Asks: 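One structure coming up, written as structure tokens, with questions to follow.
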Amino acid sequence: MELKLYDTLTREKRVFNPLDQDCVRMYVCGPTVYDFAHIGNARPVIVFDVLYRLLRHRYGKDHVKYVRNITDVDDKINARAAERGIAIRQLTEETYKNFKEDVAALGCLPPDVEPRATEHIDEMKTLIARLVASGNAYVEQEHVLFSVPSMTDYGRLSKRPLDEMIAGARVDVAPYKRDPMDFVLWKPSKENEPGWPSPCGIATPGRPGWHIECSAMSWKHLGETFDIHGGGIDLVFPHHENEIAQSRCAFHTGVMANFWMHNGFLQVEGEKMAKSLGNFITIRELLENWQGYAWPGEALRFNMLRTHYRQPLDWTYNSLDESHKILWDWYEKLQNVASDTQAPDSVVRALCDDLNTPQAIAELHKLHRERNYSGLLAALSVMGFSGRRQKIPRIAPAAGAASGISSAVGAGQAGVVPEMIEKLINARAVARAAKNFAESDRIRGELAKMGVVLKDTKDGTTWEIAR
RNA sequence: GGCCACGUGGCGGAGUGGUGACGCAACGGUCUGCAAAACCGUGUACACCGGUUCAAUUCCGGUCGUGGCCUCCA
């Protein structure tokens, strides 16, 4: 079975063959740690987690190296730390911890390496020195700048011919730039800003520009060229374009990564997500209380994967609720199913077609329809789902707290059966036996008010928390 | 203004140059004291206008709409 992936650089779906079968190498741009990650941040994390799992499935767990960086030096971080009156390190540590918790709840495996920018300053300086030596960068007013005209095929990834961009004229022409398109590799720091000894004989301490860290960290952990580089579509220009320029010019290589993969943008209820519009949603908010419910991470994950990763995705309550319902229905059938089979080919084949997760989900539905539950569980597992119902309670925080039942049961205490419910069910059974259906229905109604749904089966009455 | 995506039935969402993927919802049926669940069944969709073609939702051009980038925003 071939694995095909869409490459932004060539704008085509191509067969993927790793440079080294024993070590498939993937780099994904990670978070800038200054605040809770939002639902848009979650998309690449989930998408590339699925790819990571697929690669591990194909090439073996120990033959894939996934690197996702932590950007912990950035002007937004400086500003936020000052605003909150805390140390930069405290802010980045706290934010990183929250991020780790959030993405774990989304069912994402930790990458093999999570390098931090601040721990790779030396590598950045080495790259910068090389670029200056090769004539691809220059020092000006204590800045080091990459000279875009020095790279003849700059702009291939974003398909922006140089002359057009300059004609765009929206570029801020700083006095230290020789060409309007040149971008910063290193800049001087003021007293109150984080700084490190500068390269290239610059006396003032400084800090790196935005793009150089990814070139440095991918080099350190994956080498001069590697297999896959991923991120959001908005990073294509300028971030990834500039990474390519830095790495290729520093190493004199034809490509930085063989495949450039970008996930599409996300909207919320048909509108762009923005703080100013008041529809900004963090992952944490969804997990704790969004639209009156605490949404399980697996439901968020599933909702994300129902749309192909390159398509625009509209995040809505309806869609999320439907996602949860589907999992809830499936997981009911999986309660006593063992996870001992291989993932069915149909699902893996769909994933191998440029990560066609909607097609894979259609195959999941088919397995469900055919009652191939062990296959369903195995397929879910490959895509990062537990298949366990206690992992996906959908709790109404306010209502749950009031009744005391939804929260107790919803919190996953599957072994704990509240006595009150059992008593009511027994009372109802007595009423039914006596054909006192008015009383029987009254009890059903009472339980329904508490959020408990009954099911009469031939083996007796079972119950569950209403979803 | 320049460049680039996307627009599929009530909703979500794949895909394809030629007899309606799939799911949710809805409706009908079986079952049930009533329900729920389960199972069975029911739908002539591809923004608009042109063009190419024996044939277009699928290719080409234009229009409109939504969004992205060009402003260190995933």
Side-chain angles (χ1 to χ4, degrees), chain A residues 8 11 28-32 37-48 71 74-76 155 158-161 163-172 180-181 183-184 187 208-213 230-242 262-267 270-275 302-303 305-308 310-326 329-330 332-333 350 353 356-366 368-369 371 431-433 435-438 440-441 444-445 448 453-458 461-464 466:
Chain A
T8 306
R11 310 258 162 152
V28 174
C29 289
T32 299
H38 57 69
I39 188 63
N41 294 311
R43 173 115 99 144
V45 174
I46 292 171
V47 163
F48 290 106
T71 298
D74 177 276
D75 287 349
K76 284 195 297 295
S158 53
K159 296 259 193 291
R160 284 162 197 258
D163 45 351
E164 269 184 30
M165 299 177 70
I166 293 162
R170 282 252 208 137
V171 187
D172 175 35
M181 287 308 301
F183 57 91
V184 170
K187 57 190 173 187
W210 176 31
H211 316 296
I212 192 70
E213 60 171 271
I233 187 96
D234 59 317
L235 292 180
V236 170
F237 188 88
H239 185 53
H240 289 166
E241 198 72 78
N242 291 349
H262 296 97
N263 61 274
F265 234 64
L266 178 147
Q267 288 179 264
E271 288 189 303
K272 69 188 226 175
M273 181 170 72
K275 279 181 178 147
F302 189 78
N303 196 229
L305 297 177
R306 287 212 297 161
T307 301
H308 182 87
R310 284 192 278 118
Q311 292 292 111
L313 163 52
D314 191 13
W315 190 268
T316 65
Y317 174 88
N318 278 348
S319 179
L320 180 55
D321 191 45
E322 188 180 318
S323 292
H324 179 258
K325 181 182 158 42
I326 292 166
D329 289 347
W330 285 352
E332 181 175 24
K333 317 290 175 48
D353 180 17
N356 192 339
T357 52
Q359 180 62 46
I361 287 169
E363 299 297 340
L364 258 36
H365 281 295
K366 192 174 174 205
H368 174 251
R369 209 182 323 125
R371 303 183 199 195
R432 288 181 75 210
K435 301 232 187 279
N436 183 354
F437 297 122
S440 156
D441 290 348
R444 180 203 292 286
V453 176
L454 301 183
K455 285 188 196 176
D456 296 329
T457 72
K458 58 178 182 293
T461 300
T462 64
W463 64 276
E464 65 185 42

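We use all heavy atoms of the structure for the numbers below, so side chains are in, but hydrogens, waters and symmetry mates are not. Naming: A, B, ... by sequence-line order, numbering from 1 per chain. Given the structure is predicted, the values throughout are model-derived calculations rather than measurements.
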Asks: What orientation do A:His365 and A:Trp330 show, parallel under 30°, tilted 30 to 60°, or perpendicular over 60°?
Replies: perpendicular

Asks: In whole Å, measure the gap between the C1' atoms of B:rU42 and B:rC59 for me.
Replies: 35 Å

Asks: Using the aromatic ring of A:Phe265 (for Trp, its six-membered ring), decide whether it stacks on the base of B:rG68 within the limits of 5.5 Å and 30°.
Replies: no

Asks: Of all the choices, B:rC69, B:rG12, B:rA74, which nucleotide is nearest to the side chain of A:Arg306 once you look at every atom?
Replies: B:rG12

Asks: With heavy atoms under 4.0 Å as the rule, sort A:Gln311 into base, sugar-phosphate or nothing.
Replies: sugar-phosphate

Asks: Among B:rA21, B:rA74, B:rA35, find the nucleotide with the atom closest to the side chain of A:Gln359.
Replies: B:rA21

Asks: Using a heavy-atom cut-off of under 4.0 Å over every strand shown, decide if A:Arg444 touches base, sugar-phosphate, or nothing.
Replies: base

Asks: Answer yes when A:Asp329 and A:Lys325 have at least one side-chain N-carboxylate O distance shorter than 4.0 Å, and no when they do not.
Replies: yes

Asks: Using a cut-off of 4.0 Å on non-hydrogen atoms, how would the nucleic acid contact of A:Leu266 be classed: base, sugar-phosphate, or nothing?
Replies: base

Asks: Can you see if the side chain of A:Arg11 gets near the phosphate of B:rC4 - specifically, an N or O under 4.0 Å from OP1 or OP2?
Replies: no

Asks: Looking at A:Asn356, I'd like to know whether one of its side-chain N or O atoms comes within less than 4.0 Å of OP1 or OP2 on B:rG15.
Replies: yes

Asks: Could you work out the separation of B:rC24 and B:rC64 based on their C1' atoms and round it to a whole Å?
Replies: 30 Å

Asks: Which value, in whole Å, describes the distance between the P atoms of nucleotides B:rC22 and B:rA14?
Replies: 15 Å

Asks: Is a side-chain N or O of A:Asp74 found less than 3.5 angstrom from the main chain of A:Trp210, in a donor-acceptor match?
Replies: no

Asks: Regarding A:His239, tell me which of base, sugar-phosphate or nothing describes its non-hydrogen contacts under 4.0 Å with the strands shown.
Replies: nothing

Asks: Base, sugar-phosphate, or nothing: which does A:Asn242 touch, judged by heavy atoms less than 4.0 Å apart?
Replies: nothing

Asks: For atom C1', what is the distance between B:rG1 and B:rU71, given to the nearest Å?
Replies: 15 Å

Asks: Would you please confirm or rule out a distance under 4.0 Å between OP1 or OP2 of B:rG68 and any side-chain N or O of A:Lys272?
Replies: yes

Asks: Which value, in whole Å, describes the distance between the C1' atoms of nucleotides B:rC6 and B:rG41?
Replies: 36 Å

Asks: Considering all heavy atoms of both residues, which atom of A:Gly40 and which atom of A:Met273 are nearest to each other, and what is their separation?
Replies: N-CE, 3.9 Å

Asks: Quote, to the nearest angstrom, the C1' distance that separates B:rA26 from B:rG9.
Replies: 13 Å

Asks: Just to confirm, is there a sub-4.0 Å distance from OP1 or OP2 of B:rA25 to any side-chain nitrogen or oxygen of A:Lys325?
Replies: yes

Asks: Under a cut-off of 3.5 Å for both distances of each Watson-Crick or G-U pair, what dot-bracket string does RNA chain B give, using [ ] for crossing pairs and | for inter-strand pairs?
Replies: (((((((..(((.....[...))).(((((.......)))))....(((((..]....))))))))))))....

Asks: Between B:rA45 and B:rU19, how many Å separate the two P atoms, rounded to a whole number?
Replies: 13 Å

Asks: Base, sugar-phosphate alone, or nothing: which one does A:Lys275 contact when heavy atoms must sit under 4.0 Å apart?
Replies: nothing

Asks: For nucleotides B:rG18 and B:rG10, find the distance between their P atoms and express it as a whole number of Å.
Replies: 24 Å

Asks: Considering only heavy atoms and no angle criterion, is a donor-acceptor pair shorter than 3.5 Å present between the side chain of A:Ser440 and the base of B:rG33?
Replies: yes

Asks: Mind checking if A:Asn318 touches a base, just sugar-phosphate, or nothing, with heavy atoms under 4.0 Å?
Replies: nothing

Asks: Using a cut-off of 4.0 Å on non-hydrogen atoms, how would the nucleic acid contact of A:Gln267 be classed: base, sugar-phosphate, or nothing?
Replies: sugar-phosphate

